[in-house]
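Remarks on the structure that follows.
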Amino acid sequence: MEKSFLIKPMLDEDYPVIDYGKGVYLFDMEGKKYLDAASGAVTANIGHGVAEIMEAMQEQAKKVSFVYRSQFTSGAAEKLAEKIAALLPGELNWSFFVNSGSEATETAMKMAIQYWQEKGIHTKTKVLSRWVSYHGITLGALSMSGHTGRRARFVPLLEDFPVINPPYCYRCPYNLTVPACNYLCARELNQAIERIGAEKIAAFIAEPVIGAAGGAIAPPKDYFKTIKEICEAHDILFIADEVMTGSGRTGTMLACEHWDIIPDIVALGKGLGAGYAPIAAAVASEKIMEPILAGSKSVMSGHTLSANPQSCAVSLAVLEYLEKNEIMKEVENKGVYLRNELEKLKGRYPFVGDVRGKGLLLGIEFVEDRFTKTPFPRKALVTQRMVALAKEKGLIVYPAGAGIDGVNGDSIIISPPLTIAIKEMEELVLLLAETFEAFSNQINLKMAGDN
């Protein structure tokens, strides 16, 4: 391969060059087919190569692809904001468009702090979060993230915002089970607030289903109800990071809807543009905007390409495609089917410790000993090996962290496009079984070699 000047995730690795995509499949320049069981990075919610989205791109490009938000607005941005207001629950009506999930969560953080400032309260500047969480790679978003590995290089530059344990029932830090646990992992928030002081805390941020840091950890039934009650009791805003879980990924526009919770601010991304264009949003409720509208009348944030008309037109087409084809209605049933098939694999392979998730955001955690839940040694690089073996088989899965310490654990996320058909899910499971078989053979060879 010729020398490349592109900075890729691993500089010494050869990456296949993708030629085109169609539906749930990607095809490289050598003609190899890959079933995209990760939707890229839990992004390609409606699959690849959808003609209607490409038509919307072309139509907008014929009009205008860029206007600067400080000078103009555009029909595409106005229509997208109107569509999001109609689709989201409660009074989540005001959209601030940005280019990535990291920007969306960071904008949400800034909006939360500004909300209190506009009300004359300048002490509320902290945004609390959980360990085993990931809210983005920019410094503000990373400060809110409890992803130990991704924080490590930059700790001196980061705020200490992660304060409580995640709702990680498979590895409960209290060694309890629901509901006997009385949701102690949620009630930790109350203790943290009392230690720090509610007068210093602007908001609490959480992913409804933990993604990259934990491999699709879904909370027990009353977890978020408890969290919201604690936030309200201490006059603290609740931010839902729905970058991964939103836009239909779990079967509803927001995953929070499964637990009847309406956040004060929501971060959207990934599936909002379904990979067809870079776009994300911080969506604020009427409550958040009221003091800003009565005060400075300006949200202090922004990027050159915020509310880009080309991206907004694409996102609007994606949301209309979801609606017109009633795609979200099928997600729950597809998720149940796929999860059941993954559970069957768990029965066949002892290194599968847990299968979890919500809708079509599913996680598989790997363990060395299923009975004790002992993780593989870090040096075994199990997640990386699983991802590589799957790719060899023509299956794309998403690597994720695991372990209550956020360091010692391995998992992958299975998150195919929401449009995936039953036959394609059968193929996915077959390829995953071949991957597990190959991994099992590696383990057996190692054990034979050790003996």
Side-chain angles (χ1 to χ4, degrees), residues 21-25 35-40 42-53 55-56 79-80 82-90 92-93 95 207-209 211 216 218-219 221 224 240 242-263 266 268-276 279 281 283 314-343 355-363 413-429:
K22 190 65 182 171
V24 301
Y25 299 103
L35 198 164
D36 189 2
S39 297
V42 198
T43 300
N45 282 10
I46 61 172
H48 304 279
V50 176
E52 290 171 50
I53 311 304
E55 287 166 13
K79 288 174 186 174
L80 178 58
E82 185 180 353
K83 173 62 71 177
I84 290 172
L87 287 174
L88 265 54
L92 287 162
N93 295 334
S95 288
E207 303 159 272
V209 179
K221 179 175 171 285
F224 275 113
E242 297 254 12
V243 170
M244 189 175 280
T245 54
S247 308
R249 175 51 58 183
T250 66
T252 48
M253 188 61 189
L254 298 181
C256 279
E257 294 177 63
H258 294 292
W259 301 286
D260 297 320
I261 296 299
I262 300 176
V266 168
L268 294 174
K270 293 187 180 287
L272 187 63
Y276 288 89
I279 188 163
V283 187
V314 167
S315 179
L316 180 63
V318 167
L319 295 179
E320 288 176 344
Y321 187 87
L322 278 172
E323 274 191 301
K324 185 180 78 174
N325 295 285
E326 299 185 327
I327 289 167
M328 283 189 274
K329 285 185 178 179
E330 298 299 317
V331 169
E332 185 177 357
N333 288 338
K334 288 178 180 180
V336 169
Y337 172 84
L338 187 52
R339 184 166 179 168
N340 287 339
E341 292 302 304
L342 297 181
E343 288 284 358
V355 173
R356 54 187 178 239
K358 193 79 176 170
L360 283 172
L361 181 59
L362 300 172
I413 288 174
I414 307 295
S415 53
L418 309 181
T419 51
I420 192 168
I422 293 291
K423 281 189 177 181
E424 292 163 340
M425 284 193 279
E426 289 172 353
E427 183 185 354
L428 187 164
V429 174

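- Ion pairing between Lys423 and Glu426 fails under the 4.0 Å rule for side-chain N and carboxylate O.
- The two residues Tyr25 and Glu424 make their nearest non-hydrogen contact at OH-CG, 3.7 Å.
- Scanning both residues, His258 and Thr250, for their nearest heavy atoms gives NE2-OG1, 2.9 Å.
- The shortest distance between side-chain heavy atoms of Val314 and Ile279 does not fall below 4.5 Å.
- Atom CG of Leu319 sits about 14.0 Å away from atom NZ of Lys79, to the nearest 0.5 Å.
- Using a 4.5 Å heavy-atom threshold, the side chains of Thr43 and Ser415 count as separate.
- A 4.5 Å side-chain heavy-atom check between Ile262 and Cys256 finds every atom pair outside the cut-off.
- A 4.5 Å side-chain heavy-atom check between Val283 and Ile84 finds at least one atom pair inside the cut-off.
- Between Asp260 and Phe224 there is no side-chain heavy-atom pair separated by less than 4.5 Å.
- Heavy-atom minimum distance, Ser247 versus Leu322: O-CD1, 3.6 Å.
- Within 6.0 Å of CD in Glu343 there are more than 12 heavy atoms belonging to other residues, nucleotides or ligands.
- When side chains are defined from C-beta on, Ile327 counts as touching Thr419, because their heavy atoms get closer than 4.5 Å.
- Judged by distance alone, with hydrogens and angles left aside, the side-chain atoms of Arg249 form no donor-acceptor pair with the main-chain N or O of Asn45 at under 3.5 Å.
- Judged by distance alone, the side chain of Glu257 and the main-chain N or O of Leu254 form a donor-acceptor pair under 3.5 Å.
- In this structure, Lys358 contributes its side chain and Val209 its backbone to no donor-acceptor pair below 3.5 Å.
- With respect to Lys83 and Glu323, a salt bridge is recorded, a charged nitrogen being found less than 4.0 Å from a carboxylate O.
- At a cut-off of 3.5 Å, with distance as the only test, no side-chain donor of Glu332 or Tyr337 sits close to an acceptor on the other residue.
- Between Arg339 and Val355, the closest side-chain pair of non-hydrogen atoms falls below 4.5 Å.
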